[in-house]
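To start, the structure under review is shown below, and the notes come after it.
Every chain is numbered from 1 and lettered A, B, ... according to where its sequence line falls, protein lines coming before strand lines.
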Amino acid sequence: MTPLLPKCPLQLNDEGRLRHFLSLDGLPRAMLTEILDTADSFLEVGARAVKKVPLMRGMTVCNVFFENSTRTRTTFELAAKRLSADVITLNVSTSSTSKGETLTDTLRTLEAMAADMFVVRHAESGAAHFIAEHVSPNVAIINGGDGRHSHPTQGMLDMLAIRRHKGDFTQLKVAIVGDILHSRVARSNMLALKTLGCPDIRVIAPKTLLPVGLEQYGVNVYTDVNKGLKDVDVIIMLRLQRERMQGGLLPSEGEFYRLYGLSEQRLALAHPEAIVLHPGPINRGVEIDSLVADSPRSVILNQVTYGIAVRMAVLSMTMSGQNEQRQLDAEKQESL
Amino acid sequence: MRIQINGARLIDPASKMDQQADIFIDDGKIVAIGDTPRDFVADQMIDGNGLIAAPGLVDISASLREPGYGRKGSIASETRAAAAGGVTSLCCTPHTKPILDTPAVVDLILDKARDEGSCKVFPLGAFSQGLAGEQLAELFTLRKAGCVAFSNGLAPFKSNRVLRRALEYAATFELTVIFHPQDPDLAEGGIAHEGSVATFRGLAGIPETAETVALSRDLLLVEQSGVRAHFSQITTARGARLIVKAQARGLPVTADVAMYQLILTEEALMDFSSFYHVLPPLRSLADREGLRDAVRSGVISAIASHHQPHEADAKLDPFAATEPGISSIELLLPLAMSLVEEGVFDLPTALQRLTTGPADALELKAGRLSVGAAADIVLFDPKGQTVVGESWFSKGRNCPFMGHVLPGAVRYTLLNGRVTHKNV
């Protein structure tokens, strides 16, 4: 049985450059490094008095959030504005869907307003892929988080934080602690770390929060946090959602904190210069002790700054890849 | 009307016949195989040279969507699609609107099938009223109206106590009950097989135990009640092994598998394509191998299409928000041929699981090529090809095989000696 048409990688254009940014899956190390390098250069822009570059002047970016978000939405908004794009932000979670409008119709309506890029957050895994493949292939789609699947800009900003503070990925031990099962951040981080050559990626959680088949990511799985944190250079703590106490996943926040929470004593097990990351918003006293969250070892607030730079990098790279594809398509049309 | 089919290779799994012989049809029945009967003058000759003649396929689970879901399909459209797949008899599922739990709905379906259909249609009645799993449907009345077996689909019974009583009631009147074993609690929220692909793509998982826990319970209740039971849509290797053990200890249980489960695995979900969204879900490669083994050995004696046509909108959403199901009844024979070509089983075995296997499981008068039987026949070219989508009769285009080239091509389907599909 053979399909007649082979499938092309959805997020790359004919020249192999980004035209959508959906997932870190399938992106080569050189591309991730390019994103980090570009983000580094944008960090300077953020430090200037006038924080704007004209890379996306005249372009319209729609932030379409089907799920609540504060920091991701705002940093995307800032990133687009610093690139001189026109930005509109829609919280669709409450408006159109309750009127019975389908996702497809909502997006096609926005497309009709000549949007050049959608930043989409959605509660269903694969939503960004769906939009890029079936709804708006000629609009650049940036995944701002889809279900449990992927949060690629978060993954990249974590990588930027690690690179800026720790340098070479190939020398690092990195631990990801907490609710791996439901976490799109964990999935994106595992993929990014693997691609960037990190030799020792550890995931640490009780069995109820570990999905099956983690070995495919090339990670080492620990259920004992004290063993897992031994000598690591980077600790990525994940947010624990309150609803995980239902359904038998965990008995209580208190027990989770006692067993997996990042306290000063536990931090002492890691490398003396280890840094602590968290995608936010943090639950003080649930997954992380305030003393750790506010300590000099924590780079949690730096992550927010890096987030803007990484999003500027991803937005500008994807926009140019999408524009390039539009041009290629136009040339193809002409030659026909 | 007298028809003579010339020169075809006849394969009849029921009689283990496999030989070249002519078939003679008169008034909708097979009157002779081999030698020409005296005084037989054919009104129509069908050239069967190079073709295989087999009993028309029997599909024991297909959703026709009528009454109630006209955008997805109709009795006319879906039975026409079935004829294109070589099917002459099918069982339609009770998930209609209104639900198939009253004789009026049975009558409506049977009337429509007779007037507009291209297949014999055997309704599967709802096991409980409204499929709500609380109160028994009028099983005996429905049986008299024409239901051949009873199913609650994937909808659960409210309690084991109610299910137990329902089975005992069915056993009283020797009715056949169809189970779709999936524990709703273990499957809660799930949309994909709990395995590495679901993990990678962040899709909520349905564990293997959702099937095996329900199946184990069902088997024990079947044993206690003595009801005649059929297990539909087995998806796991362990589930198939539970059926083996039950049959070995003498329980009168049969089982079927969806054709697509023998072909596809969880791998198909890597691109989030909603065409692969089915319930119960596509499982692992090891499960598929276990299912293939069970079909080869006969533990699973039937392969069904589990045809579920949908309008385009039903599949146009992110994966989890789409409606589950694959439309593929019109590919039943070519898909079977692709498994034969792959060496999964030989052609007579494939045909057995698509004719007498399912017919015997639900005690249907169908699936045999013998003198005196209805002339329900499929004639196909084993060396031909089917380009999927070149023609398409189902209202549901939700078929993941669209655009594929499959081995084998149905040339004629005959129902009571009438040509319901022709492609020469």
**Request:** Tell me, please, which residues at least two apart from R19(A) pass side-chain hydrogen bond (donor to acceptor under 3.5 Å, both in side chains).
**Result:** Q322(A)
**Request:** Just jot down the side-chain hydrogen bond (donor to acceptor under 3.5 Å, both in side chains) partners of N283(A), sequence neighbours excluded, or say none.
**Result:** R239(A), E287(A)
**Message:** Could you report the tightest heavy-atom contact between D271(B) and E133(A), atom names first, then the distance?
**Reply:** O-OE1, 4.3 Å
**Prompt:** If you look only at pairs with a residue in residues 191-218 of chain A, which of them pass as a ring pair (Phe, Tyr, Trp, His ring centres under 6.0 Å), with sequence neighbours excluded?
**Reply:** Y217(A)-F200(B)
Could you look at [X] and say if it's the side chain, the backbone, both or neither that has a heavy atom under 4.5 Å from chain B?
X       : answer
R184(A) : neither
I180(A) : neither
S23(A)  : side chain

Euclidean distance, [Y] [atom2] relative to [X] [atom1], rounded to 0.5 Å:
X       : Y       : atom1 : atom2 : result
L10(A)  : F272(B) : CG    : CZ    : 10.5 Å
D313(B) : T104(A) : CG    : OG1   : 8.0 Å
D25(A)  : M270(B) : CG    : CE    : 5.5 Å

**Complete:** Among residues 118-130 of chain A, those lying within the under-4.5 Å heavy-atom range of chain B are H122(A), E124(A), S125(A), G126(A), A127(A), H129(A), F130(A)
**Request:** Applying side chain to side chain contact (heavy atoms under 4.5 Å, CB included), run through T199(B) and R148(A) and close with a yes or a no.
**Result:** CA-CA 9 Å; T199(B) 292; R148(A) 305 176 182 182; over 6 Å; no
**Message:** Within the 4.5 Å heavy-atom criterion, are S196(B) and V212(A) side-chain neighbours or not?
**Reply:** no
**Complete:** Scored by heavy-atom pairs under 4.5 Å with chain B, the best of P211(A), G147(A), S150(A), S183(A) is P211(A)
**Request:** For the pair T102(A) and L316(B), evaluate side chain to side chain contact (heavy atoms under 4.5 Å, CB included) and give the outcome as yes or no after the intermediate values.
**Result:** CA-CA 9 Å; T102(A) 67; L316(B) 199 59; over 6 Å; no
**Request:** Verify the neighbour count for atom CZ of R238(B): are there more than 12 heavy atoms of other residues, nucleotides or ligands below 6.0 Å?
**Result:** no
